[in-house]
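Worksheet: one structure, shown below.
Keep in mind that what you see is a predicted model, and the values were worked out from it rather than measured.
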Amino acid sequence: DSALEAAGVGTALKVAVNNTFSTESYTLIVTVASINTNVKVSLEGSIDGTNYAEIIPEKTITVNGTTAYNVSHTPVRWIRPRFISETGGSAATVVFSVAAS
């Protein structure tokens, strides 16, 4: 889990066991509290642990609560959640949970 109160990246998680095994399906669960207008989030993946790209593209959330997003058939070695931005204020808290299979 990663909890963020401002735009930034959550904790990176290594999802590859070795050079020949990697997961390829991911679920990003996002819980938002104290939202003003909206927050934007995404899930990023990396092969080398340094260079990341979106594997779950930017999602806009407009209400408090919990939302789940999924992606399949996308093998990477590292994943990390990103709190992209907040509109309408600066009070939102975003908690990320990530699962891989």
Side-chain angles (χ1 to χ4, degrees):
D1 289 343
S2 292
L4 299 174
E5 294 181 354
V9 294
T11 304
L13 174 66
K14 187 173 184 180
V15 292
V17 175
N18 53 43
N19 288 334
T20 59
F21 175 78
S22 178
T23 57
E24 64 176 37
S25 298
Y26 309 97
T27 300
L28 173 66
I29 296 177
V30 184
T31 302
V32 180
S34 302
I35 198 167
N36 288 297
T37 302
N38 69 53
V39 296
K40 294 182 179 184
V41 300
S42 68
L43 184 66
E44 299 175 333
S46 174
I47 293 177
D48 61 9
T50 300
N51 301 296
Y52 285 83
E54 287 183 341
I55 58 174
I56 294 179
E58 180 180 297
K59 303 295 182 185
T60 301
I61 301 170
T62 59
V63 296
N64 289 324
T66 302
T67 309
Y69 303 101
N70 302 293
V71 65
S72 296
H73 310 295
T74 309
V76 293
R77 299 187 71 187
W78 294 85
I79 56 175
R80 70 180 184 192
R82 178 177 290 275
F83 178 176
I84 298 169
S85 66
E86 177 178 7
T87 302
S90 61
T93 300
V94 180
V95 177
F96 295 105
S97 299
V98 181
S101 64

Rounded to the nearest 0.5 Å, how far apart are CD1 of Ile79 and CD1 of Ile56? 8.5 Å
Hey, is the main chain of Val76 close enough, under 3.5 Å, to the side chain of Glu24 for a donor-acceptor pair? no
Shortest non-hydrogen separation from Thr23 to Ala100 and the atoms involved: OG1-CB, 3.7 Å
Verify whether one side chain among Ser46 and Asn51 offers a donor that lies under 3.5 Å from an acceptor in the other. no
Test Leu13 against Thr11 for side chain to side chain contact (heavy atoms under 4.5 Å, CB included), laying out the working first. CA-CA 6 Å; Leu13 174 66; Thr11 304; over 6 Å; no
Shortest non-hydrogen pair, Tyr52 vs Ala12, comes out as OH-CB, 3.5 Å
Strictly distance-based, threshold 3.5 Å: is any side-chain N or O of Ser97 a donor or acceptor partner for the main-chain N or O of Ile29? no
OH/Tyr26 to OG1/Thr74 distance, rounded to the nearest 0.5 angstrom? 7.5 Å
Test side chain to side chain contact (heavy atoms under 4.5 Å, CB included) applied to Ser42 and Ile84, step by step: CA-CA 7 Å; Ser42 68; Ile84 298 169; 3.8 Å; yes
Find out if a path of hydrophobic residues (ILVMFWY) with successive side-chain heavy-atom gaps under 4.5 Å connects Val98 to Val32. yes
With Phe96, the side-chain contact (heavy atoms from CB on, under 4.5 Å) member among Leu28, Val9, Leu43: Leu28
Would you say the side chains of Thr31 and Thr66 form a donor-acceptor pair under 3.5 Å? yes
Tyr69 with Val94, same ILVMFWY side-chain cluster at under 4.5 Å: yes
Pairing residues for Glu58 by the salt bridge (charged side-chain N to carboxylate O under 4.0 Å, His left out) criterion, not counting sequence neighbours: Lys40
Answer yes if Ile61 and Val95 sit in the same cluster of Ile, Leu, Val, Met, Phe, Trp and Tyr residues linked by side chain heavy atoms under 4.5 Å apart, and no otherwise. no
Glu86 vs Asn36, side chain to side chain contact (heavy atoms under 4.5 Å, CB included): CA-CA, chis, key distance, verdict: CA-CA 8 Å; Glu86 177 178 7; Asn36 288 297; 3.5 Å; yes
Given 3.5 Å as the limit, does a donor-acceptor pair link the side chain of Asn64 with the main chain of Ile35, or not? yes
Which value, rounded to the nearest 0.5 Å, describes the distance between Thr60 atom OG1 and Asn38 atom CG? 5.5 Å
Separation of Arg82 CZ from Glu44 CD (nearest 0.5 Å): 4.0 Å
